[in-house]
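Note that these values count all heavy atoms, side chains included, but never hydrogens, waters or copies made by symmetry. In listed order, ligands and their atoms are each counted from 1.
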Amino acid sequence: MTQRILFVCLGNICRSPAAEGVVRAQMPEVATDSAGTSGWHVGDPPYGPMQKAAIRRGVNLSDLRARAFVAQDFHDFDLIIAMDAENIANIEALRPADNTTPVQLFTHYADGPETEVPDPYYTRDFEGALDLIERCAAGLKDQLRRQ
Ligand code: 4NP
């Protein structure tokens with residue numbers, strides 16, 4: 001059973017904290033965290049519009065604070081889940097030699113055509129991002145339960 005999962009996006013204020021919030025609400029037994037491949041928002045809470053959209057679904061993100069993804073995360077987590085292919089490239093650039101921690105796209109766990117979680121910081125579609133994040137989280141939960 002995977003115990004420690006890290007969610008990663010670019011800023012760590014929209015997609016990955018939302019993913020962390022949804023997954024920890026559904027699977028409290030899993031240790032979750034999130035990080036950004038950039039350090040642009042380190043120390044910031046999740047973006048206000050994302051927090052508002054999430055709380056309408058019963059998901060409270062207010063305690064989360066942004067941090068940057070670091071190479072140590074490969075050692076500290078069993079599974080790293082990225083929101084898009086650019087995140088994966090930036091994560092893989094920091095992989096330590098001989099480390100085999102899996103890095104997976106979140107959309108891998110959802111049925112459907114999506115290959116990334118579009119960034120609502122740019123699209124402004126917070127509801128659509130949360131709809132997809134909830135589908136990905138449900139698929140992740142199914143997969144972990146089967147392990
Ligand atoms: P996120 O969205 O990667 O889902 O947290 C972003 C938030 C902020 C910025 C970019 C992406 N930014 O450029 O500040």
Side-chain angles (χ1 to χ4, degrees), residues 2-96 99 101-144:
T2 298
Q3 300 290 345
R4 302 167 299 173
I5 303 178
L6 180 67
F7 296 91
V8 178
C9 63
L10 175 60
N12 193 210
I13 58 168
C14 287
R15 294 166 295 173
S16 61
E20 179 184 0
V22 167
V23 168
R24 75 177 175 179
Q26 292 187 3
M27 286 179 279
E29 72 277 16
V30 173
T32 54
D33 194 9
S34 65
T37 58
S38 80
W40 299 336
H41 293 280
V42 168
D44 290 354
Y47 191 49
M50 178 55 93
Q51 285 204 51
K52 289 198 179 87
I55 203 75
R56 283 197 293 269
R57 300 173 187 226
V59 176
N60 190 332
L61 307 178
S62 64
D63 61 309
L64 302 177
R65 295 294 179 269
R67 71 170 178 89
F69 179 82
V70 291
Q72 180 66 32
D73 289 319
F74 282 99
H75 299 299
D76 290 345
F77 293 90
D78 304 303
L79 174 63
I80 297 169
I81 295 182
M83 300 300 129
D84 63 36
E86 187 183 318
N87 303 151
I88 291 197
N90 288 323
I91 291 166
E92 290 292 349
L94 296 180
R95 185 186 288 276
N99 176 275
T101 304
V103 177
Q104 190 61 265
L105 281 170
F106 204 17
T107 51
H108 167 79
Y109 300 98
D111 291 332
E114 296 89 352
T115 56
E116 64 177 27
V117 179
D119 193 340
Y121 192 77
Y122 301 115
T123 68
R124 313 309 293 176
D125 184 7
F126 297 93
E127 299 299 332
L130 281 169
D131 287 344
L132 179 55
I133 285 167
E134 286 180 341
R135 284 172 43 218
C136 296
L140 174 65
K141 184 175 178 176
D142 283 349
Q143 170 142 339
L144 294 180

Problem - Main-chain N/O of N87 paired with N90 side-chain donor or acceptor, under 3.5 Å - result: no
Exercise for the section: Using atom types as modelled and distance alone, determine if a side-chain donor or acceptor of R15 lies under 3.5 Å from a backbone N or O of A19. Expected result: no
Exercise for the section: Kindly tell me which protein residues have any non-hydrogen atom under 4.0 angstrom away from an atom of ligand 1, grouped by chain and ordered by number? Expected result: C9, L10, G11, N12, I13, C14, R15, W40, H41, D119, Y121, Y122
Exercise for the section: With sequence neighbours left out, write down each residue that passes side-chain contact (heavy atoms from CB on, under 4.5 Å) with D125, or none if nothing qualifies. Expected result: T123, E127
Result block: side-chain N/O donor-acceptor pairs under 3.5 angstrom for residues 40-55, not counting sequence neighbours:
from : atom 1 : to   : atom 2 : distance (Å)
H41  : ND1    : D44  : OD2    : 3.1
Y47  : OH     : R124 : NH1    : 3.2
Y47  : OH     : R124 : NH2    : 3.0
Q51  : NE2    : P46  : O      : 3.0

Practice task
Sequence neighbours left out, what passes side chain to side chain donor-acceptor pair (under 3.5 Å) with T32? Give chain and number order.
Solution key: none
Practice task
Run the numbers on F69 and F74 for ring-ring contact (aromatic ring centres under 6.0 Å, His included), then give the verdict.
Solution key: CA-CA 9 Å; F69 179 82; F74 282 99; 5.5 Å; yes
